[in-house]
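All chains are named by letter (A, B, ...) in the order of the sequence lines, taking the proteins before the strands, and each is independently numbered beginning at 1.
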Number of protein chains: 2
Amino acid sequence: MTDSTSPLDLDNQLCFALYRASHAVVRAYKSELDQLGLTYPQYLVMLALWQENQPQGVGQLGDVLGLDSGTLTPVLRRLEQRGLVVRCRDEHDERRRLIGLADAGRDLRALAEKVPEKIASRFPMQGKDYHLLMAQLGDIAQAFDNDR
Amino acid sequence: MTDSTSPLDLDNQLCFALYRASHAVVRAYKSELDQLGLTYPQYLVMLALWQENQPQGVGQLGDVLGLDSGTLTPVLRRLEQRGLVVRCRDEHDERRRLIGLADAGRDLRALAEKVPEKIASRFPMQGKDYHLLMAQLGDIAQAFDNDR
DNA sequence: CACATTTAGATTGTGCGCAATATAGTTGTG
DNA sequence: CACAACTATATTGCGCACAATCTAAATGTG
């Protein structure tokens, strides 16, 4: 028997429950995303671009996804190499790079449409509970991201 | 206005809410763990060892943490280099490595005891809601880890 | 206009995270 | 005991993830 009253017990730590669940779900996406030739972070970038429907700065994408430029730059470079996005300079501010959809990236959306439901159906909670959980997770991200 | 009815909308995806919340919380741990000289995955390994209180095989640790040997081997090597764990061969099965606590690793527990509460207090939900959320995340990890 | 400050992004270095593979040790079968 | 099948761990290669640092461009102040 492990001592479940210890503050260090893994099963008492919300951080670990989050960490483990997140990795497990990302792993599950892999087999779906392999068919699109995307990694999970690449898929998130494409979701952000499909959603906004107009070129975004690297920083704006980072804000949406909770990632910084050190992470996004190589991800965006690979997406450009695969012909899914274009990276051009902002004419009005030459420091900025505007990330937009290439034709192949726009086309990929139709295929990607089928991915979420395949995963969503595997969550042990559905409907109202599903959305309530999502809202709570959003609150957590916001609470912890506020200072930085 | 973004079209919030799209199945690809980021704000409708539990996977992204999990991903973002998990990273945000791990980032928050960093400032606490820097004082212990641990990264977050290293901290998780130490939690597992403190909890089990006896040497563990690499595979056992991986099962507890949801990580594989390709991830754990370099993490365990760094913990050994810092004198926190020892890695010795199992006498009865020379393929296995048993990961145990070194004296410095045992001593570190007292310092680590103070970390969880600092983080836990920042979660926007507490008490019953906190534990309910943790249980739901455990259900998700189990549901998605079942097939591999 | 000069020049300090700020801002956007890229670069570098370290450390995960995982699939695929390699290797060594163990077990089962005749 | 030989030897095929299996198992536990390590290794390799690729792609994040982030802190720290760098560069260049824009902005503010006199």
Side-chain angles (χ1 to χ4, degrees), chain A residues 16 19-31 33-34 37-46 55-63 65-82 87-99 141 144-145 148, chain B residues 16 19-31 33-34 37-46 55-63 65-82 87-99 141 144-145 148:
Chain A
F16 175 59
Y19 177 87
R20 193 159 164 43
S22 175
H23 283 298
V25 173
V26 169
R27 272 194 295 271
Y29 265 89
K30 192 178 184 311
S31 58
L33 294 180
D34 277 349
L38 293 176
T39 65
Y40 186 74
Q42 288 169 7
Y43 169 70
L44 289 183
V45 168
M46 295 307 291
Q56 301 284 301
V58 176
Q60 293 172 50
L61 283 176
D63 287 342
L65 300 177
L67 299 171
D68 70 7
S69 75
T71 299
L72 284 176
T73 294
V75 173
L76 294 171
R77 195 172 8 243
R78 287 180 200 106
L79 287 174
E80 187 183 41
Q81 283 167 1
R82 290 174 199 184
R87 302 193 304 157
C88 53
R89 293 283 172 195
D90 184 340
E91 290 182 359
H92 304 299
D93 186 341
E94 300 266 343
R95 293 169 307 179
R96 300 188 69 208
R97 255 187 198 278
L98 291 176
I99 312 300
F144 282 87
D145 263 347
R148 196 137 275 282
Chain B
F16 175 59
Y19 177 89
R20 193 157 165 43
S22 175
H23 283 298
V25 173
V26 169
R27 273 195 294 270
Y29 265 88
K30 191 176 186 310
S31 58
L33 294 181
D34 278 349
L38 293 175
T39 65
Y40 186 73
Q42 289 168 8
Y43 170 70
L44 289 183
V45 168
M46 296 307 293
Q56 302 284 303
V58 176
Q60 293 172 49
L61 282 175
D63 287 342
L65 300 178
L67 300 171
D68 71 5
S69 75
T71 298
L72 285 176
T73 295
V75 173
L76 294 171
R77 197 176 2 248
R78 288 179 199 108
L79 287 174
E80 186 183 42
Q81 282 167 1
R82 290 172 197 183
R87 302 193 301 157
C88 53
R89 293 280 173 197
D90 184 341
E91 290 182 359
H92 304 298
D93 185 342
E94 300 263 344
R95 292 169 305 178
R96 300 188 70 208
R97 257 186 196 281
L98 291 176
I99 312 300
F144 281 87
D145 262 346
R148 201 135 278 279

In this structure, how many angstroms lie between the [atom2] atom of [N] and the [atom1] atom of [X], rounded?
{"X": "A/K30", "N": "C/dA20", "atom1": "NZ", "atom2": "C1'", "result": "11 Å"}
{"X": "A/L38", "N": "D/dC14", "atom1": "CG", "atom2": "P", "result": "19 Å"}
{"X": "B/L61", "N": "C/dG17", "atom1": "CG", "atom2": "C1'", "result": "16 Å"}
{"X": "B/L33", "N": "D/dA19", "atom1": "CG", "atom2": "P", "result": "13 Å"}
{"X": "A/H23", "N": "C/dC16", "atom1": "NE2", "atom2": "P", "result": "11 Å"}
{"X": "A/L65", "N": "D/dA17", "atom1": "CG", "atom2": "P", "result": "10 Å"}
{"X": "B/Q81", "N": "C/dC16", "atom1": "CD", "atom2": "P", "result": "11 Å"}
{"X": "B/D63", "N": "D/dT7", "atom1": "CG", "atom2": "C1'", "result": "14 Å"}

Starting at the 5' end of DNA chain C, which residue's closest nucleotide do you reach first, B/H92 or B/Y40? B/Y40
Full working for side chain to side chain contact (heavy atoms under 4.5 Å, CB included) between A/L38 and A/L79: CA-CA 9 Å; A/L38 293 176; A/L79 287 174; 3.9 Å; yes
Worked verdict on B/S31 versus B/D34 for side-chain hydrogen bond (donor to acceptor under 3.5 Å, both in side chains): CA-CA 5 Å; B/S31 58; B/D34 278 349; over 6 Å; no
Taking every heavy atom of A/L33 against every heavy atom of A/Y40, the minimum-distance pair comes out as CD1-CA, 3.6 Å
Over all heavy atoms of both residues, which pair between B/L44 and B/L65 is shortest? Give the atoms and the distance, please. O-CD2, 3.8 Å
All side-chain contact (heavy atoms from CB on, under 4.5 Å) counterparts of A/P55, not counting sequence neighbours: A/L98
Any residue meeting side-chain contact (heavy atoms from CB on, under 4.5 Å) with A/R95, in chain and number order, not counting sequence neighbours: A/D93
Interface polar pairs with nucleotides 21-23 of chain D, N/O, under 3.5 angstrom:
none

The answer to which of A/E94 and A/D68 contacts DNA chain D further toward the 5' end, by nearest nucleotide, is A/D68
Test side chain to side chain contact (heavy atoms under 4.5 Å, CB included) on B/R89 and B/R96 and set out the steps. CA-CA 6 Å; B/R89 293 280 173 197; B/R96 300 188 70 208; over 6 Å; no
In chain order, what residues pass the salt bridge (charged side-chain N to carboxylate O under 4.0 Å, His left out) check against A/E80, with sequence neighbours excluded? A/R87
Among all residues two or more places apart in sequence or in another chain, which pass the salt bridge (charged side-chain N to carboxylate O under 4.0 Å, His left out) test with B/R78? none
Which parts of nucleotides 3-15 of chain C does protein reach within less than 4.0 Å, heavy atoms only, written one letter per nucleotide 5' to 3' as B for base, S for sugar-phosphate only and - for none? ----BSSBB---S
Between A/R27 and C/dC18, is there a side-chain N or O to OP1/OP2 distance below 4.0 Å? yes
Would you tell me if any nitrogen or oxygen in the side chain of A/Y19 comes within less than 4.0 Å of OP1 or OP2 on D/dA17? no
